[in-house]
Amino acid sequence: MFRRILLLSALLCALGMLAFAPVQAQGDTLSVAWPYQVPPTGHFNTFASGGIVLGQYQDLHEPPLAVLMWATGEYAGMVAEEFGWDADGNYVIKIAEGNSWSDGSPMTADDAMATFNIFRLRGDAVWANMTGIEKVDDSTVKFVMSAPSSLTERIILTTNLRPASVFGDIADRAAMMSPDDDGWNGLLQELTEFRPESPVSGGPYTILPDTITEARLMLELNPGGFAGDIQNFDMVQMWNGETEVVTPLVANAELHYITHGIPPTTEEDFANRGIDIVRSGMNNGPGLYVNHAVYPLNLVEVRQAIAYAIDRVQNGFVSLGESGVAVEFMTGMSDGLSEAWLGDDMLDALNTYDHDMMKAEELLMSVGFSRDDSGNWVDDNGDALAFELTFPQEFADWSAAAENATAQLNDFGFDITARGVQFQQHPQDIYASNFEMAIRNWGLGDPIPGRSYLQAYNRYNGQGELAGEGGGAGMNFDNNISFSGGMINVFDVSNASSQGTDASAQAELVSQLAISYNELLPAIPLWERYTNNALNRNFISVPDSSDSVFANFGGGADNWMTYLILTGVTAPADM
Amino acid sequence: MLHDQQPLATDQQPPAPNLSLMTARLYDPLLKVYRNYTARVFLQAIITIWVVMTLTFVLVRLMPGNPVDVLVEQILTAEGISYQEAYDRIAASFNIDKDATPLDQYLQWLGDLLRLDLGTSITSPGTKVIDEIARFLPWTVFAVGTGLLISFVLGIFAGMPMAYYRGSKLDHILSFFSSFSTGVPNYIWGLLIIIGPGISWRWFDIGALRGTYDVGLTPGVNAEFILSALEHAALPVFTYIIAILGTWMLSMKSSTTGVLNEDYVNVAEARGLKERTVISSYVGRNAALPLFTQLTISIGFVLSSGVVVEEIFVYWGIGHLLFQSITVRDYTTLQGVVLLLTAVIVFSNLFADLTYGLLDPRVRVSGEK
């Protein structure tokens, strides 16, 4: 028996000793993070679900045609060295010469043809205003437009290029077919089930398939790829996981930059460890939606009173700390977009609905409401202002926003009951009009202002049918509205504002949207979510936080970090 | 009485079928099967699995959201695109047959299952569910199985002295540890290991120990890979040991306490046998017997017990696959994993039923008498 115990102890000791492995050397390795699935679930077909895309870091292996600089509104060419509208209203791009894919094939117009023909097979929105795509020469591609559109321009330029050597065969066959053809769905299925044996990179780094584990994967320098010759790191280490998984690594200084949203308490801990928190506006955030079929929430005075009664600064801070920035202009789009698209005079004329209980009281009294003996509000029918406010219970910041708004409104004399709903069920309830008040998102992480209104006027206002389960009228807001500027259909105007290429005409439409929203408040924006990217400057050198590049959205297209990598600015801190 | 009379037979009429004989021919074999204990419990196991799978099929589709909705929500804010764009892209990349009714899907799934085909993943079209299970299952079996066996052995050896010296300081200390170990869930132990030795004291590099083996290695039978796999399994295995050990210690203490009062132990001591012989041959073996049944049943829960621990240590096994398939509503993968878990639990119970008589000759199953 003693011998058995001895053997067992030895095994345990061996396991224990192995666990205390020495810290690995980092070298000139950029350490970042994004969740991905490992093979066989994860794969290298970045057009299909399950593909190892790596979020904004896709730019590093499948580079974008261009990046929009949000501070200036100008596009900076990446793989596309020239781009713009031709005299016929078509869009033309010229692919930079001299770059090659990691399989040795040169980067040419064929790659753009393959990419956009696959988009057509998938039914991507970029084809909504396009009738065709033509290869002009080996480096030039023309997008034939049915109608010029700055939205289409953006979608084209922020596209990540894919290699024709991998996807060209399917793309060519798609180009020869139409969606009505018998083989169309079969080809689409072939695309989704297509599994390239290895990743082919056209960017400065390429994924090493043998390094893919559930913990991390490595990307090595791809000297022939776009911007491969100006990189300051030899490798990129991509840690896998969501916020709770990567947080210990950041705290342990093994991971140097994350775009994951982190709670305020974690922010504080990171700051104590000398980690910088970088904030960029995301052009969206939580708002208080009301069901316009529920009396008296359909009264504009009531919605305005609610806006006055809620201290949005407090609401934002208790929900997300410094990254919960109260909305000032209340135009349905972010304050940054309001400042960029509306003149100073117009901004001055907007009602900012600053926290003011007296004004809220006046508004309610103006429509015949009064307080009962206990000080609570009753409407002109004598009914209490009692509503249920639902929110997705798994979203900590939105839950906090809901609880705080409820408390503030109840202090004012409403009778609000907050109720958390499972986060995947909650949007279905909104689509189905199964709510009275709810916390959902306003705006969109996109610099085109008209698209900020898609949530309020489309997604949560009748587009529920698209979601399948909860088809319904959503918030029941009539998009045909009357405001100080006249009568418009806000959904049509929001779509029209991103069409054409005349910025002044677009601005006119945007101003109609902004003013009407400010007057009617179909939903009440609470605060804008700012990123709280953790950046360990002890390991990574990037410009100071005052640099205009940080105006770029911290996640998705136009990410400032990938832009700085692609331009050779990001470097090890000790360089 | 009239209704008891048989109809008259004539030459034109065929002989009346002997219903009782036909019934007997039909049902006798079934009756024999039913009377056979092994066959009966095996049949019950199959029916149990089918019922669970059918319920699972229905319940997963009643869950809020669907695979498209889940991914649409994920990329909406992350990529700053409209709902329409997100929906179109995800729906196309899934290539879902929107015309298939739930009944069609059920019959298709059942038919595939009879051919031992678990189908393909919804969220990773073209990837076979069986391949996904084969990718993740071995790691869970290895880590949780190792933890279970080590804790079992340790529990037996630690539980005996607790019973022998009950009331002593040793008993109090070990009993406290056992209660604490049993009361704290395994994921809390996992977090404590990460936060304490990992982050605060920096005894080891938590990043380097993530995953099931080192970056750059190819799985195979070679020393480098095996050592790497052991290294990466160390923390999850340690967590499982700590979390389960107390249960085995307390069970063994209880079982040993009962055995110590048996006459044959007193007789053995009266015969002047060495204490070591009494402990190992008379007390230990008999006290451990009930724990073997418990161990057999525990094996059934091995696969599903590590969901959160696997996420904490990024040690992806079948628990991660289950978690992930629920999160993204990958119905086919979820059904495949639940089928596996159900089958293992049902058959491990069956195995315990059938083998207990072999371990303990005193026990006889009624059906076998």
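A note on names: the letters A, B, ... follow the listed sequences, proteins ahead of strands, and every chain is numbered from 1.
- For the pair A:Ser49 and B:Pro125, the tightest heavy-atom approach, listed with the atom from each and the gap, is O-CD, 3.7 Å.
- Using a 4.5 Å cut-off between heavy atoms, A:Leu208 makes no contact with chain B at all.
- Within the 4.5 angstrom heavy-atom criterion, only backbone atoms of B:Tyr315 (N, CA, C, O) approach chain A.
- Ranked by heavy-atom pairs under 4.5 Å with chain B, the list A:Thr213, A:Asp210, A:Asn252 is led by A:Asn252.
- For the atom pair CD of A:Glu242 and OG1 of B:Thr327, the computed distance is 9.5 Å after rounding to the nearest 0.5 Å.
- Proximity to chain B is absent for every atom of A:Pro447, based on heavy atoms less than 4.5 angstrom apart.
- Here CG of B:Leu217 is found 11.0 Å from OG1 of A:Thr211. Values are rounded to the nearest 0.5 Å.
- Salt-bridge annotation for B:Arg210 and A:Glu254: absent, with no side-chain N of the basic residue lying under 4.0 Å from a carboxylate O of the acidic one.
- The two residues B:Thr127 and A:Pro40 make their nearest non-hydrogen contact at OG1-O, 3.3 Å.
- Around OH of B:Tyr187, the count of heavy atoms belonging to other residues, nucleotides or ligands within 6.0 Å does not exceed 12.
- Proximity to chain A involves both the backbone and the side chain of B:Ile199, based on heavy atoms less than 4.5 angstrom apart.
- Nearest approach of B:Ser124 to A:His43, heavy atoms of both residues: OG-CD2, 3.5 Å.
- In this structure, chain B has heavy atoms under 4.5 Å from both the backbone and the side chain of A:Thr41.
- Between chain A and the options B:His320, B:His232, B:Arg135, the largest number of non-hydrogen pairs under 4.5 Å is found for B:Arg135.
- Going from atom CD of A:Gln425 over to atom CE of B:Met63 covers 11.5 Å, rounded to the nearest 0.5 Å.
- Environment of CD in B:Glu224: sparse, with no more than 12 heavy atoms of neighbouring residues, nucleotides or ligands closer than 6.0 Å.
- Both the backbone and the side chain of B:Thr212 come within contact range of chain A, with heavy atoms under 4.5 Å apart.
- At most 12 heavy atoms of other shown residues, nucleotides or ligands fall within 6.0 angstrom of atom CD in B:Glu275.
- The shortest distance between side-chain heavy atoms of B:Val314 and A:Val245 falls below 4.5 Å.
- In this structure, the portion of B:Gln324 lying under 4.5 Å from any heavy atom of chain A is its side chain and not its backbone.
- Although no hydrogens or angles enter the test, the distance criterion places a donor-acceptor pair under 3.5 Å between the side chain of A:Glu214 and the main chain of B:Trp316.
- Across all their heavy atoms, A:Leu249 and B:Ile206 have their closest contact at CD2-CG1, 4.1 Å.
- Of all the listed residues (B:Ala134, B:Ser121, B:Gly207), the one sharing the greatest number of non-hydrogen pairs under 4.5 Å with chain A is B:Gly207.
- Residue A:Arg529: no heavy atom, backbone or side chain, is found under 4.5 Å from chain B.
- Both the backbone and the side chain of A:Val38 come within less than 4.5 Å of a heavy atom in chain B.
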